[in-house]
Number of protein chains: 2
Amino acid sequence: MDRVDKIMSQWQRERPDLDIEAMGILGRLKRLTTHLGREVEQVLLQHGLSSSAFDVLATLRRSGEPYRLSPGDLLAMTMVSSGTMTNRIDQLEKAGFVERVLNPDDRRSVLIALTENGFAAVETAVGAHVANQQRLIENLSDEDKAALDALLRKFLAKFE
Amino acid sequence: MDRVDKIMSQWQRERPDLDIEAMGILGRLKRLTTHLGREVEQVLLQHGLSSSAFDVLATLRRSGEPYRLSPGDLLAMTMVSSGTMTNRIDQLEKAGFVERVLNPDDRRSVLIALTENGFAAVETAVGAHVANQQRLIENLSDEDKAALDALLRKFLAKFE
DNA sequence: ACGATATGTCTTGACGTCAAGATAAATGCT
DNA sequence: AGCATTTATCTTGACGTCAAGACATATCGT
């Protein structure tokens, strides 16, 4: 009887006509992701990066040399709107972690380039981040992890 | 090879030293919840409610007669900060969906009461919402749903 | 009784996000 | 070549969220 069960039993009592079968999965998914997101954020903040800043820096870092992508590329990889991406880049540029360089091939466009400081920041943060991720799932057995990953993959496929 | 696989293979190439095992589950959880949240929001907006407004109204509704809870009670049931709850209540009060009534037992406190309009709004919205939830998981088989729910329950238990 | 502590709610200021639309350059069509 | 359309990025304004702390009232311990 966890919190989601309580919510469902309240609905059951008040609105027995509703089919609330789906509420368990979706409620637990949402609560779980909120908890996980907060845990992730905490560790990144200890390294001076918000999740959203890390998100961009990590995308640049893992894209490989020369660690440059256009805002449009970043957009396509990060599930945020163009306005959000502009804002993220602005903040990172102010912090000195990226710089905008002209795209010689397309004057509408610009490339976001990781600076030395940006590279260093993401390089240390990512180590702590993946260790933290590992910690967050350590309570699941290997079989649980494999089963969960397979189910999430199948579920996610409907949306992307 | 979904988007999360691509991210992982990039990290694999760039930082083969990192143990990125956990990234699959956590990345898919996050992406999935983002997609689901957007789908849920869309349906609620069609009924004139944001997710956060619905969250509060639904908590009051399912608490049963007389559909009144203190901000503190609402806080305990909704994973948001006190400032966020104050703001949500302010907006709902402006919209005429709830009203603040004095708590006779504790003058520090106040009760948030669903108005007639608030009751009507949540009553129609919740029907559409649960139908939408049902739609969102319809791609999963009954076995998948049961397995996913069990895994999420176990995982979530670590955090609450 | 009364001072110290705890509790309940709200305020403030800073972020992060989005949708819609503005701006500029590139591309396609005739 | 020249105009229309598309593409790439940024701007604007509105929301929702949080942490930290302010404020008022209750409760506890002596």
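First the proteins, then the strands, lettered A, B, ... as listed; each starts at 1. Computed from a predicted structure; not experimentally measured.
- At most 12 heavy atoms of other shown residues, nucleotides or ligands fall within 6.0 angstrom of atom NZ in K30(B).
- Note on D2(A) versus K154(B): no salt bridge recorded, every NZ/NE/NH1/NH2 to OD/OE distance being 4.0 Å or above.
- A heavy-atom distance below 4.0 Å to DNA chain D is reached by these residues of residues 83-111 of chain A, ordered by number: G83(A), T86(A), R100(A), R108(A), S109(A), V110(A).
- The aromatic rings of Y67(B) and F119(B) lie tilted to each other, with the angle between the two planes from 30° to 60°.
- With the nearest nucleotide of DNA chain D identified for both S82(B) and S82(A), S82(A) has the one nearer the 5' end.
- Using a 4.5 Å heavy-atom cutoff, the side chains of Q10(A) and T59(B) are not in contact.
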Quiz item: Does the side chain to side chain donor-acceptor pair (under 3.5 Å) test come out yes or no for E99(B) and T115(B), once each step is laid out?
Solution: CA-CA 7 Å; E99(B) 51 190 12; T115(B) 63; over 6 Å; no
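- In this structure, M23(A) is a member of the same hydrophobic cluster as F54(B), with clusters built from ILVMFWY side-chain heavy atoms closer than 4.5 Å.
- Residues from residues 45-53 of chain B placing a heavy atom under 4.0 Å of any atom in DNA chain D, listed by number, are S50(B), S52(B).
- For CD of E138(A), the number of neighbouring non-hydrogen atoms (other residues, nucleotides, ligands) closer than 6.0 Å is greater than 12.
- Within the 3.5 Å criterion, the main-chain N or O of D106(B) finds no donor-acceptor partner in the side chain of S109(B).
- Both F159(A) and L148(A) are part of a single hydrophobic cluster, where members link through side-chain heavy atoms under 4.5 Å apart.
- Looking at residues 29-42 of chain A, you'll see R38(A) sit with a heavy atom under 4.0 Å from some atom of DNA chain D.
- Read 5' to 3', the first and last nucleotides of DNA chain D with an atom closer than 4.0 Å to a heavy atom of chain A are dT7(D) to dC18(D).
- S52(B) meets the side-chain hydrogen bond (donor to acceptor under 3.5 Å, both in side chains) test with S50(B); sequence neighbours excluded.
- Within the structure, salt bridge (charged side-chain N to carboxylate O under 4.0 Å, His left out) contacts touching residues 63-76 of chain B (residues at least two apart or in different chains) do not occur.
- Salt bridge status for R28(A) with D5(A): present, with a side-chain N to carboxylate O gap under 4.0 Å.
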